[in-house]
Number of protein chains: 2
Amino acid sequence: MRRPRLQEARCQTCSLSSLCLPLALGTQEMDSFDAIIQRRAPLKKGEALLRQGDPFTSVFAVRSGSLKQITSEGDGEDQLTNFYLPSELVGLDGIDEKHYPGSIIALETTTVCEIPFDRLDQLSEALPELRNQLYRNMSKELRDDRRMLRLLSRKTADERLASFLVNLSTRFRRRGYSPYSFRLSMARADIGNYLGLAVETVSRIIGRFQQHKLVDVQGREVHILDLDALEALAEGDHEH
Amino acid sequence: MRRPRLQEARCQTCSLSSLCLPLALGTQEMDSFDAIIQRRAPLKKGEALLRQGDPFTSVFAVRSGSLKQITSEGDGEDQLTNFYLPSELVGLDGIDEKHYPGSIIALETTTVCEIPFDRLDQLSEALPELRNQLYRNMSKELRDDRRMLRLLSRKTADERLASFLVNLSTRFRRRGYSPYSFRLSMARADIGNYLGLAVETVSRIIGRFQQHKLVDVQGREVHILDLDALEALAEGDHEH
DNA sequence: CGTCTGTTTGAAGGATGTCAATTAGCGTGG
DNA sequence: CCACGCTAATTGACATCCTTCAAACAGACG
C-alpha cells in the first residue's frame, strides 16, 4: 500500500546507501529492509524529531540535514551529546530503557527515515549482514563516545575546537563533500555546549585560529586553510 | 570435551546470571549459551586481559574482580575510559573496527568468561532474548557514556567525585553488596584520569568530603556517611 | 629495613568561566 | 524593501577553579 512519494525513501535509489545501515545488503535483502522503513515529513529548523523520555519505538537514519541530541538532567543545564549528519543512525541509545535519553532537534531542514525497531530486530534475525551492521553501528558510536571522553577530560580548548573542525571535515569528506569548505549548521552555543566550553571561549578561539591562518570563518561558513596544522593541534602537538 | 573445572563457569550456577548477558534466557537456552563461553585463568592485578589494537575476537563478562579500560592515542596521555565490575561486558566497542580500542587491565585478581563473538552472533540469531540483551547492553553503555560526557563537560570537581562515588555505590548495591561500605580497587590516579582531574585534586576533595562528614575514607576503604547529600552534590544542588 | 609507588598537602600560576557591553545577523512585519 | 527587534556572535575585564610544581608522608613488598 505504498504511496508514490515513498519511492523517494527507497534505499536502492538513495545516495547514502553505501554509508547507511543497509550497506552490506544485496538487492533482494535491501528490498526487505526497504519495506519496513517509513518516511517522515521534513523537520524544520528547531523542530524536534523526538523528545527526551518519549517511548522508544524506532531508530532513525538521517537522510538530509542535521540534528543534535540534547539531554536535560535534573535542574542542571542541558548537555548536547551528539550531532548527527546524513547516513548516521539516531536513537540507538534508547533501546535499553525503552525511552529516548535525549531530545533530538533539527539544526536545519532535515529529513529522516524511520525504522521501527521491533521490525528491524526481526529482520536482523534473517539477515546476518544487517545484524552485523547494527552491531557495528553501536560499536562505532561507543568508540566515538570514548574519543569524546578523552577530548573532554584531557584536551585544552584549542585542541577541542581543532578536533571538532577536523571531525566535521572528515565526516563531510566521507559523504562526498569538500573537507575544506562547509557550513556549520549549529550555533556557537551548541559547539560550546558540546565541547564543554563557554560560548565566548569558542568565539575567541575561532578568532585566534583565523589569526594563525588555520581557518577562515565568516559566520557559519568555514574554510579550512591548513588541515594538517589543525590535525596536529587536535592531537596536542604543541610546537610553540 | 569439558574439563571439570569448566563447570564453575556455567551460567546456571553463577550468582551473577540475573545481571549478566543470559539474564532473560530459559534453562535450555542458557545451556546453548553456556556451551560457547570459555574460562580464562584468573588475571593478576595489573595484568592485561587484552591490549589496545589486538584483533577483536571475543567479548568478556567479568566474573569477579574489576578491570579498567585504557586508551592511548598518539603521544598524548592515556585516557581511562571505563571501569568494569562483575557481570559487566567488556569489549563491545571493538566490534566495529575489528580491533580493541583500548587495553583492558585488571585492578585486582579478576576472573572473566570469554564469549567468542562470532558464536555469540550466531547464537543470537536463534535466541531473540539473547540478541535483545546484547542490544540492551550496548545501548546502556551508550547512555552511560553520554552521562559521562555531561559529567566531564559541565560538572565541577566536587560534583564529579560525588557522582563517581554514588555511581559505585549504586553498582555495588545492585550486586548485593553494601552501598555504604566498599573498597576502591583503583588508585587515586585512576580516578583522576577517569574523571578528568589531577590526582592532587582527587585527594583534596576526598579530604574535603571527610571534613563535611559525607564519607569516611581510609586509603581505599570507603564508608559513605551521607548518601543523600552525596547524591544531591552529584546533581549539582549547591546549597552552600 | 629500605625502596618504590601511591597519597597527601602546600603554594603559585594559568586557562577558562563569568559578567558586561557592543556588534552583527536574520526573520518578521509594516 | 526597509526598519525593527530579537537572537547570535564578538570582545574586553576580571574572577576562580583547577592544574602544576614541589615536597613530605604513608603503605606495600621485597
Side-chain angles (χ1 to χ4, degrees), chain A residues 44-47 68 76-80 105-109 151-165 183-211 215-222 233 236 238 240, chain B residues 44-46 68 76-80 105 107-109 150-164 183-211 215-222 233 236 238 240:
Chain A
K44 290 193 180 62
K45 177 177 176 173
E47 232 179 311
K68 63 178 172 183
E77 290 247 324
D78 297 345
Q79 170 67 24
L80 203 166
I105 313 286
L107 291 169
E108 57 195 313
T109 303
L151 180 147
L152 289 174
S153 84
R154 309 225 84 78
K155 294 192 178 181
T156 66
D158 295 80
E159 291 163 1
R160 293 182 199 190
L161 234 316
S163 297
F164 177 71
L165 292 173
R183 185 165 207 290
L184 300 172
S185 58
M186 68 291 286
R188 298 285 191 276
D190 289 331
I191 299 176
N193 189 325
Y194 181 60
L195 296 178
L197 299 172
V199 195
E200 296 92 327
T201 307
V202 173
S203 224
R204 272 186 262 269
I205 292 175
I206 290 180
R208 209 181 305 156
F209 281 4
Q210 298 208 63
Q211 287 175 13
V215 294
D216 179 31
V217 180
Q218 299 298 326
R220 295 191 173 182
E221 215 62 48
V222 175
L233 223 182
H238 295 272
H240 60 78
Chain B
K44 290 194 179 63
K45 177 177 178 174
K68 64 179 173 183
E77 290 249 323
D78 296 346
Q79 170 67 25
L80 202 165
I105 313 285
L107 291 169
E108 56 195 315
T109 303
R150 176 164 181 274
L151 179 147
L152 289 174
S153 83
R154 310 225 83 78
K155 293 192 179 181
T156 66
D158 295 79
E159 291 164 1
R160 293 183 199 190
L161 233 318
S163 298
F164 177 70
R183 185 165 207 290
L184 300 173
S185 58
M186 68 290 288
R188 298 286 191 274
D190 289 332
I191 299 176
N193 189 325
Y194 181 59
L195 296 178
L197 299 170
V199 195
E200 296 93 325
T201 306
V202 173
S203 222
R204 273 186 261 269
I205 291 176
I206 290 179
R208 208 180 307 156
F209 281 4
Q210 298 208 63
Q211 287 176 12
V215 294
D216 179 31
V217 179
Q218 300 298 327
R220 296 191 172 182
E221 215 61 50
V222 175
L233 222 182
H238 295 273
H240 59 81

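Letters go in sequence order (proteins before strands), and every chain restarts at 1.
The stretch residues 185-196 of chain B participates, sequence neighbours left out, in these salt bridge (charged side-chain N to carboxylate O under 4.0 Å, His left out) pairs: B:Lys68-B:Asp190. For the salt bridge (charged side-chain N to carboxylate O under 4.0 Å, His left out) condition, no pair includes a residue of residues 192-203 of chain B, sequence neighbours left out.
Each end of the helix from C:dC1-D:dG30 to C:dG30-D:dC1 gets its own axis, taken as the rotation carrying the C1' atoms of four end pairs onto the next four within a five-pair window, and the two axes meet at 50° to the nearest 10 degrees.
Rounded to whole Å, atom C1' of C:dC26 lies 15 Å from atom CD of A:Glu221. Here C:dT8 presents its P atom at 10 Å from CG of B:Leu184, a figure rounded to the nearest Å. Rounded to a whole Å, the CD atom of B:Gln218 is 17 Å from the C1' atom of D:dA28.
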Under-3.5 Å N/O pairs linking protein and nucleotides 9-13 of chain D:
{"unit_1": "D:dA9", "atom_1": "OP1", "unit_2": "A:Arg188", "atom_2": "N", "d": "3.3"}
{"unit_1": "D:dA9", "atom_1": "OP2", "unit_2": "A:Arg188", "atom_2": "N", "d": "3.0"}
{"unit_1": "D:dT10", "atom_1": "OP1", "unit_2": "A:Arg188", "atom_2": "NH2", "d": "3.3"}
{"unit_1": "D:dT10", "atom_1": "OP2", "unit_2": "A:Arg188", "atom_2": "NE", "d": "2.9"}
{"unit_1": "D:dT10", "atom_1": "OP2", "unit_2": "A:Ser203", "atom_2": "OG", "d": "2.4"}
{"unit_1": "D:dT10", "atom_1": "O5'", "unit_2": "A:Ser203", "atom_2": "OG", "d": "2.8"}
{"unit_1": "D:dG12", "atom_1": "N7", "unit_2": "A:Arg204", "atom_2": "NH1", "d": "2.8"}

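Within the nucleic acid shown, A:Gly196 comes within 4.0 Å of sugar-phosphate atoms alone, with no base atom in reach, counting heavy atoms only.
Looking at residues two or more places apart in sequence or on another chain, you find a salt bridge (Lys or Arg N to Asp or Glu O under 4.0 Å) between B:Arg208 and B:Asp158. For A:Phe209, there are no ring-ring contact (aromatic ring centres under 6.0 Å, His included) partners, not counting sequence neighbours. Scanning for side chain to side chain donor-acceptor pair (under 3.5 Å) contacts around A:Thr201 gives an empty result, with sequence neighbours left out. Scored by the side chain to side chain donor-acceptor pair (under 3.5 Å) test, B:Gln218 finds B:Asp216 as partners (sequence neighbours excluded). Here A:Ser203 pairs with nothing under the side chain to side chain donor-acceptor pair (under 3.5 Å) rule; sequence neighbours left out.
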